[in-house]
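Remember, it's a predicted structure, so these values are computed and weren't measured experimentally. Sequential numbering from 1 along the given sequence is applied to the chain's residues.
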Amino acid sequence: MPLDKKAMKEIEESHRCRPYLIMDKDDKNIYAYPSSSSHSRGYNYYIDREKYNNLKDSWLNLQNIFKVPVFNLKEKFYTLNKEDRLEIQKKLQSKKGKSKKYVYNLTKNYNISKGDIVSINNNLNYVYKCTKESIYCYKVYTNSKCGKRITQIIVRNKKYYIDLESGTEYDIKNNIIILKDYAFNMERKYINNNIINPPKVKKSVTSNYKLGTLFQIKGKKFVYLFTENKKDYGVNILTYSSKPNLYCIPEYRRKNIIGDIPISKCLEILEELCSKKVRPRKNIEELYLKLKYSLK
């Protein structure tokens, strides 16, 4: 912790240590971002426990850098792989234009990749394909009043408007390319599979209940979200945030239906489940984005 010894003694012993991602150092201090097992709003980066054999998932808080005296360091925990380092650098780089704070470099450079929003010749572009020499882009706008045939996309929970008739190839070496934003994995997949390359035949999904149907079972209230492999899944309406778990709702519980909740509340629940990386992530993320686009 970035505190002196006197202040450290006033903190409960079990809370005195936490992992930090080191970005820079000098003779007496490290400069680092803190890690936590709980997710908070703002600039965070998710660390999957399975990647590094950790007991829990964790989140790096990239909002503020901390100066930590070296005498407070305990031991090395683990080293992030190249993929995570590049993603974190990209996240920090996109933050650069929105803040006057210094941006530390975790890696010497970062690669523009599919799903990035970049500025080229003062125009915003969505990158839909990359090679070693070129990137392929569609122009995007921050509002819908550009006088073109455009389609809304959602990137990091912000609305952009993409012109799918403006495909352009840019040579990487001969253009100044500035990263402005980038899509989360689930957003990038949705944009690719449903907007840039929409399915010719839409899959029909059978749902036994209306999204948001509310059940009362043994004194607890559950909200229906989706059906998978003929099983119905939902969450406890009171504990989905503190204990984000999915529950199977048995078919015979139809008699326990007591109403439903607004779609806006369903979106709030799904957003919370996405942020907590509740499994199965694919079902939850697809439903979340489908609902978000339907409410545009």
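Summarising the geometry, atom CG belonging to Leu270 is positioned 6.0 Å from atom CG belonging to Leu273; distances are rounded to the nearest 0.5 Å. Separation of atoms CD1 (Ile112) and CD1 (Ile177) is listed at 6.0 Å; rounding is to 0.5 Å. Residue Tyr288 holds its OH atom at 10.5 Å from OH of Tyr293, rounded to the nearest 0.5 Å. Here CD1 of Ile30 is found 4.5 Å from CG of Leu73. Values are rounded to the nearest 0.5 Å. Here the OH-CD1 distance, from Tyr170 to Ile176, works out to 13.5 Å after rounding to the nearest 0.5 Å. Here the OG-CD1 distance, from Ser35 to Ile47, works out to 7.0 Å after rounding to the nearest 0.5 Å.
Under the salt bridge (charged side-chain N to carboxylate O under 4.0 Å, His left out) test applied with Asp181, the options Lys90, Lys91, Lys158 reduce to a single match, Lys158.
Side-chain atoms of Asn192 do not come within 3.5 Å of backbone N or O of Arg188 as any donor-acceptor pair. In this structure, the side chain of Asn229 does not engage the main chain of Lys231 through any donor-acceptor pair within 3.5 Å. A donor-acceptor contact shorter than 3.5 Å is absent between the side chain of Gln93 and the backbone of Leu179. With hydrogens and angles ignored, the 3.5 Å screen pairs a side-chain donor or acceptor of Arg85 with a backbone N or O of Leu80. A donor-acceptor pair is defined here as one N or O able to donate and one able to accept, closer than 3.5 Å; no such pair exists between the side chain of Asn121 and the backbone of Asn123. With Asn193 contributing its side chain and Lys189 its backbone, the two residues share a donor-acceptor pair below 3.5 Å. A donor-acceptor contact shorter than 3.5 Å is absent between the side chain of Asp116 and the backbone of Val118.
Residues passing the salt bridge (charged side-chain N to carboxylate O under 4.0 Å, His left out) test with Asp163: none are found, sequence neighbours excluded. Among residues two or more places apart in sequence or in another chain, the salt bridge (charged side-chain N to carboxylate O under 4.0 Å, His left out) test is passed with Arg281 by Glu285. Here Lys210 pairs with Asp260 under the salt bridge (charged side-chain N to carboxylate O under 4.0 Å, His left out) rule; sequence neighbours left out.
Between Glu165 and Arg149, at least one side-chain N (NZ, or NE/NH1/NH2) sits under 4.0 Å from a carboxylate O, which counts as a salt bridge. In summary, Glu50 and Arg279 engage in a salt bridge, as defined by a charged side-chain N under 4.0 Å from a carboxylate O.
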**OP:** Starting from the C-alpha separation in whole Å, work towards a yes-or-no answer on side chain to side chain contact (heavy atoms under 4.5 Å, CB included) for Asn44 and Leu62.
**Re:** CA-CA 6 Å; Asn44 287 274; Leu62 305 177; over 6 Å; no

Start with the C-alpha gap between Tyr224 and Phe215, add the side-chain angles, then the distance that decides, and say whether side chain to side chain contact (heavy atoms under 4.5 Å, CB included) holds. CA-CA 8 Å; Tyr224 166 76; Phe215 297 81; 3.8 Å; yes

### Phe222 vs Ile217, side chain to side chain contact (heavy atoms under 4.5 Å, CB included): CA-CA, chis, key distance, verdict
CA-CA 7 Å; Phe222 296 88; Ile217 303 172; 4.1 Å; yes

query = Please walk me through it: do Ile65 and Met23 pass side chain to side chain contact (heavy atoms under 4.5 Å, CB included)?
reply = CA-CA 9 Å; Ile65 199 91; Met23 304 296 292; 3.7 Å; yes

### Query
Are Ser134 and Asp171 close enough, and set up right, to give a side-chain hydrogen bond (donor to acceptor under 3.5 Å, both in side chains), and what steps lead you there?
CA-CA 5 Å; Ser134 304; Asp171 183 88; 4.7 Å; no

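For the pair Asn64 and Tyr33, the tightest heavy-atom approach, listed with the atom from each and the gap, is O-CD2, 3.3 Å. Nearest heavy atom pair, residue Ile162 against residue Ile153, reads CG2-CG2, 3.7 Å. Across all their heavy atoms, Asn175 and Ile120 have their closest contact at OD1-CG2, 4.0 Å. Across Trp59 and Ser275, no two heavy atoms sit closer than the pair CZ2-O, 3.2 Å. In terms of heavy-atom proximity, Leu214 sits nearest to Val223 at CD1-CG2, 3.6 Å. Val140 and Asn125 make their closest contact through CG2-N, 3.8 Å (heavy atoms, listed as atom of the first residue, atom of the second, distance).
Heavy atoms from other residues, nucleotides or ligands lying under 6.0 Å from NZ of Lys129 number 12 at most. Within a 6.0 Å radius of NZ in Lys114, no more than 12 heavy atoms belonging to other residues, nucleotides or ligands are found. The neighbour count for Ile258 CD1, taken as heavy atoms of other residues, nucleotides or ligands under 6.0 Å away, is above 12.
Between the side chains of Gln216 and Asn256, not a single donor N or O lies within less than 3.5 Å of an accepting N or O. Between the side chains of Tyr52 and Asp84, at least one donor-acceptor pair of N or O atoms lies under 3.5 Å.
In this structure, the side chains of Ile249 and Thr213 stay at 4.5 Å or more apart for every pair of heavy atoms. Under the 4.5 Å side-chain criterion, counting only non-hydrogen atoms from C-beta, Leu291 is in contact with Cys266. Counting heavy atoms from C-beta on, the side chains of Val155 and Ile191 come closer than 4.5 Å. Using a 4.5 Å cut-off on side-chain heavy atoms (C-beta onward), Cys274 and Met186 make contact. Here the side chains of Asn157 and Phe184 are in contact, with some heavy-atom distance below 4.5 Å. Put simply, the side chain of Leu295 reaches to within 4.5 Å of the side chain of Leu267, judged on heavy atoms. Taking 4.5 Å as the limit, every side-chain heavy atom of Gln152 sits out of range of all side-chain heavy atoms of Ile150. The side-chain heavy atoms of Glu133 and Lys173, taken from C-beta on, include no pair separated by under 4.5 Å.
No single ILVMFWY cluster, assembled from side-chain heavy atoms under 4.5 Å apart, contains both Leu86 and Tyr46. No continuous path of hydrophobic side-chain contacts links Tyr190 to Tyr182 [ILVMFWY only; heavy atoms under 4.5 Å].
The salt bridge (charged side-chain N to carboxylate O under 4.0 Å, His left out) analysis of residues 55-64, with sequence neighbours excluded, yields the pairs Arg49-Asp57. The stretch residues 118-162 participates, sequence neighbours left out, in these ring pair (Phe, Tyr, Trp, His ring centres under 6.0 Å) pairs: Tyr128-Tyr138.
For Tyr233 and Phe226, the ring centers are positioned less than 6.0 Å apart.
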Side-chain donor-acceptor pairs under 3.5 Å in residues 236-248, sequence neighbours left out?
| from | atom 1 | to | atom 2 | distance (Å) |
| --- | --- | --- | --- | --- |
| Asn236 | OD1 | Leu238 | N | 2.9 |
| Tyr240 | OH | Lys265 | NZ | 3.2 |
| Tyr240 | OH | Glu268 | OE2 | 3.1 |
| Ser241 | OG | Glu272 | OE2 | 3.2 |

